[in-house]
Amino acid sequence: MTTDYKRYMVTAALPYANGPKHVGHLAGAYLPADVYVRYLRQQGKNVIFVSGSDEHGTAIPNQALKENTTPQTIIDKYHVLIRDCLAKLGVSFDIYHRTSEPIHHQTSQEIFLTLYKKGLLTEETSEQYFDEEANAFLADRYIIGTCPKCGHTNAYGDQCEKCGSTLSPKELINPRSTLSGKPPVLKPTKHWYLPLQQYEPWLKEWILESHKNDWKPNVYGQCKSWIDAGLQPRAMTRDLDWGIKVPLPHTEGKVLYVWFDAPIGYISATRALFKELSEGKKEFATPRSAFSNPQVDDWKPYWQHTDTKLVHFIGKDNIVFHCLIFPIMLHASGEYIVPANVPANEFMNLEGDKMSTSRGWSIEMHEYLEDFPTKPDELRYTLLTNLPETKDSEFTWKDFQAKNNNELVAIFGNFVNRALVLTQKHFENRVPVADTWQEVDRKVIDELKLFPERIAESIKAYRFREATAYLIDLARLGNKYLTETEPWKLAKTDLPRVGAVLNLALQIAANLSIVAEPFLPFTSKKLSEVLNFSSKNWSDAGNPSLLKANHQLGEAKLLFEKMEDEVIENQLKKLNDKKKGMELAATPAEPAKPEVSFDEFSKMDIRIAKILKAERVEKSKKLLKLQVDTGMDVRTVMSGIAEYFTPEEMIGKQVTILVNLAPRKIMGVESQGMILMASDKDGKLRMLQPSEAVAQGSKVS
RNA sequence: GGCGAGGUAGCUCAGUUGGUUAGAGCAUCGGAUUCAUAACCCGAAGGUCGGCAGUUCAAAUCUGCUCCUCGCUACCA
């Protein structure tokens, strides 16, 4: 795949504006994308890098409910927060847009209409929950009920926050509307579907055949899995009042599915970039390249010409949308190109556990920036050396400290400092003359010349961790050179030779300032100032005579500072405190279910029973088959508790059972009753037992 | 249960057209050095490449089975 591309269109996943984003998101998409793009710019390539806030979908109004405010307030708040954090961390978008902007609504509707007019969307009427009192279809989030997976009584229709399962409203037990509190009714509603299965042959050809070798195994594997499983028509519209209106008549209360419009946000952002450039505005745009005489329609080549290389940087949770659904949309429209690659990363864990904003186990970007406002590169470096490129990786604060102290300070910073201090001491802070090169110098120069290509190869192959390691290796080369030539000793006897050595050491430093730019842009800039050398052109890298003799150097300063144990201990403490805080905050009792009468309650016959036998159920992860003595009889109950209890520990236990629940066949076995369990906030189940043993069949009332 | 991705040195991770003593960084130990933020530089030690079987002259790498982790998905609570 060495096609000569005329331009590059690089996207980083649109962060969902329902909350702050953590460093796992950075490691997943934004940092690798930024390194890639910065490198391309240094190569003088024509490249545009876009992202923006994803502001539609059910979770936004959901979050608004939680924060007791409006969806608009939510997106305004998090759009600004995320945008500013990414900027402070050096992520160099040409534009950071947002999907609530009119131009995005327009673009999304255009693409929807293109598909519609080509007859590529199918109309289907299905049964959706409707609140008769509020006279509205209920979005998934407006339906609450008992989670079928963990028994949580206030699960949302799209997701159970207790166990994290993705749900559909119809799966909920005892659904009720959050608008009226009443049970909703099923009512037919019309939606437009994209028949994904029709594109299977194309997907097989495009991904399974032509990208077998150049896409990452994790990405390719997941695509194959989905394709092999058989694709289904997917609804492109929803009954919802928050989002982009469906551009067809008689569709009040219907919007485009958030996953339809979100990736289109990349296109809208590119459009917005050229619109602003052509009008001389910079509302969202922060162009990093000079665009000569930009026109409104200049976005088109980036999305429509086959000599453009389109690359999506995302986390693994987005693979199906970026590799299958969005490409199908683009392909089906007949007007757009599809991505050349989607180098999705896996997830980054934190201190041995999964990162999660809601559980408080995370390092949010804004939190890091508050505590380390002058250290964006230190975070970039730690993340880059440990990106989850092939499998989930792990961030620890101790590792952060070690990488900072042992690599950035001791190798990179120290090398530059050594060269500068010696130059100040012996040559009045000017680049000394290098008369002749000796054997040792020539060897170092030969090695130096290899670095830019080596680093570039890794970047081009999306191996950013490896590329970052090569960067440090260049500083290592410098340290080794100084140690071998020992200029501080020669200073007493052979000053011209010292000059030659320091000249070359400074040339290495200048090279570092160029090749470090994609990875450590702030350090690169600082180093440039110290050296009074500004070129960032990649083509200059590898050159051993970037700095002319007698060139005046700038004021020396340390590039990095050591991090003490205390700083790290504070962060660990902070992390644990935050987690505890979140657990407490999550504890408040959930709102009660709708009132029931005594008669309704007394219909339920709840008893204490003893478990006589318990066994696992073949082919089921969650079910135990129990024989229980109810005092009246011995019966079989299927219970979904296998993930929390072993059969052995259940035997002989007294539990609470609903005995007059209608029997139901589960996995081919008739279940006569239901074991009642207390589900903890993390979804864990606990038996409900009498405080002292009672007779089997004792009534609970 | 199905599918996908992983399981390689104390830690974090590389390593597939199968081929000589399996690599890097950090940590550890030893040496050398003092220009430098006690940093750098050199060297050593450290691995049944999850397990079992098979194909092969040769397996971390291919095949089958198996165990463990993660993700999606299914039965179900």
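Chain A is the first sequence line, chain B the second, and so forth, proteins listed ahead of strands; every chain is numbered from 1.
- For R607(A), the side chain to side chain contact (heavy atoms under 4.5 Å, CB included) partners two or more places apart in sequence, or in a different chain, are D605(A), M632(A), I657(A), V659(A), K699(A).
- Aromatic rings from F560(A) and Y381(A) are positioned such that their centres are separated by 6.0 Å or more.
- One can place CZ of F427(A) at 13 Å from C1' of rC35(B), the figure rounded to the nearest angstrom.
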Output one letter per nucleotide in nucleotides 60-65 of chain B: B when a protein non-hydrogen atom lies under 4.0 Å from the base, S when only the sugar-phosphate is that close, - when neither is. ------
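- Here the C1' atom of nucleotide rG6(B) and the CD atom of E394(A) are 15 Å apart, to the nearest Å.
- Close to rG25(B), at under 4.0 Å from its OP1 or OP2, lies no side-chain N or O of K403(A).
- For N532(A), the side chain to side chain donor-acceptor pair (under 3.5 Å) test picks out no residue, with sequence neighbours left out.
- Atom name P, nucleotides rC70(B) and rG30(B): the rounded distance is 40 Å, in whole Å.
- Between N406(A) and rG25(B) there is no side-chain N or O to OP1 or OP2 distance below 4.0 Å.
- Taking the side chain to side chain contact (heavy atoms under 4.5 Å, CB included) definition, one finds that K557(A) meets it with K526(A), E529(A), V530(A), sequence neighbours left out.
- Applying the ring-ring contact (aromatic ring centres under 6.0 Å, His included) rule to F415(A) yields no partners; only residues at least two apart in sequence or on another chain are considered.
- A 4.5 Å side-chain heavy-atom check between L231(A) and E200(A) finds at least one atom pair inside the cut-off.
- Qualifying side chain to side chain donor-acceptor pair (under 3.5 Å) partners for E561(A), counting only residues two or more places apart in sequence or in other chains: K375(A).
- For the pair N345(A) CG and rG6(B) P, the computed distance is 13 Å after rounding to whole Å.
- Straight-line distance between the C1' atoms of rU63(B) and rG25(B): roughly 35 Å, to the nearest whole Å.
- Between W215(A) atom CH2 and rA5(B) atom C1' there is a gap of 17 Å when expressed in whole angstrom units.
- Using P as the reference atom, rU12(B) and rC57(B) are 39 Å apart when rounded to the nearest Å.
- Note on K224(A): nothing from the nucleic acid sits closer than 4.0 angstrom, heavy atoms only.
- Here N414(A) lies in heavy-atom contact (under 4.0 Å) with a base.
- Comparing rC13(B), rA36(B), rC41(B) against the side chain of V421(A) picks out rA36(B) as the nearest.
- The side chain of D392(A) lies closest to rC70(B), out of rA5(B), rC35(B), rC70(B).
- Atom name C1', nucleotides rC62(B) and rU16(B): the rounded distance is 10 Å, in whole Å.
- Residues from residues 451-476 of chain A placing a heavy atom under 4.0 Å of any atom in RNA chain B, listed by number, are R465(A), R476(A).
- Computed from coordinates, the L208(A) CG to rC3(B) P distance equals 17 Å when rounded to whole Å.
- Counting only heavy atoms from C-beta on, A402(A) has its side chain closest to rC26(B) among rC70(B), rC26(B), rA36(B).
- Ranking rG25(B), rC13(B), rC40(B) by closeness to the E407(A) side chain, first place goes to rG25(B).
- Of the residues in residues 484-513 of chain A, those placing a heavy atom less than 4.0 Å from an atom of RNA chain B are W488(A), K489(A), in numerical order.
- Between K562(A) and rA39(B), a side-chain N or O to OP1/OP2 separation shorter than 4.0 Å is present.
- Residues passing the side chain to side chain donor-acceptor pair (under 3.5 Å) test with E389(A), sequence neighbours excluded: none.
- We find that D353(A) and R359(A) are joined by a salt bridge, their nearest charged nitrogen and carboxylate oxygen being less than 4.0 Å apart.
- For T483(A), the listed nucleotide lying nearest its side chain is rC40(B); candidates were rC70(B), rC40(B), rC13(B).
- Summarising the geometry, the separation between CD on Q401(A) and C1' on rU37(B) is reported as 14 Å, rounded to the nearest angstrom.
- N511(A) pairs by the side chain to side chain donor-acceptor pair (under 3.5 Å) definition with nothing, not counting sequence neighbours.
- A sub-4.0 Å separation between OP1 or OP2 of rC70(B) and a side-chain N or O of K391(A) is absent.
- Each of M638(A) and L558(A) was matched to the nucleotide of RNA chain B holding its nearest heavy atom; the match closer to the 5' end belongs to L558(A).
- Rounded to an integer number of Å, the gap from CE of M563(A) to C1' of rA38(B) is 18 Å.
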Run the side-chain donor-acceptor check on residues 484-492 of chain A: report pairs under 3.5 Å with partners two or more places apart or on a different chain.
unit_1, atom_1, unit_2, atom_2, d
T485(A), OG1, Y481(A), O, 2.7
T485(A), OG1, L482(A), O, 3.4
E486(A), OE2, K489(A), NZ, 3.3

Between side-chain atoms of residues 496-507 of chain A and protein atoms elsewhere (two or more places apart, or another chain), which donor-acceptor pairs fall under 3.5 Å?
unit_1, atom_1, unit_2, atom_2, d
R497(A), NH1, D441(A), OD2, 2.7
R497(A), NH2, D441(A), OD1, 3.0
R497(A), NH2, D441(A), OD2, 3.4
N503(A), OD1, Q507(A), NE2, 3.0
N503(A), ND2, P432(A), O, 2.8
Q507(A), OE1, L546(A), N, 2.8
Q507(A), OE1, L547(A), N, 2.9
Q507(A), NE2, L547(A), O, 2.9

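- Counting only heavy atoms from C-beta on, F560(A) has its side chain closest to rU37(B) among rA5(B), rA36(B), rU37(B).
- Comparing atom distances between the N479(A) side chain and each of rC41(B), rA39(B), rC70(B) picks out rC41(B) as nearest.
- Counting only distance, with no hydrogens or angles, the side chain of Q672(A) and the backbone of T636(A) share a donor-acceptor pair below 3.5 Å.
- Computed from coordinates, the E389(A) CD to rG6(B) P distance equals 13 Å when rounded to whole Å.
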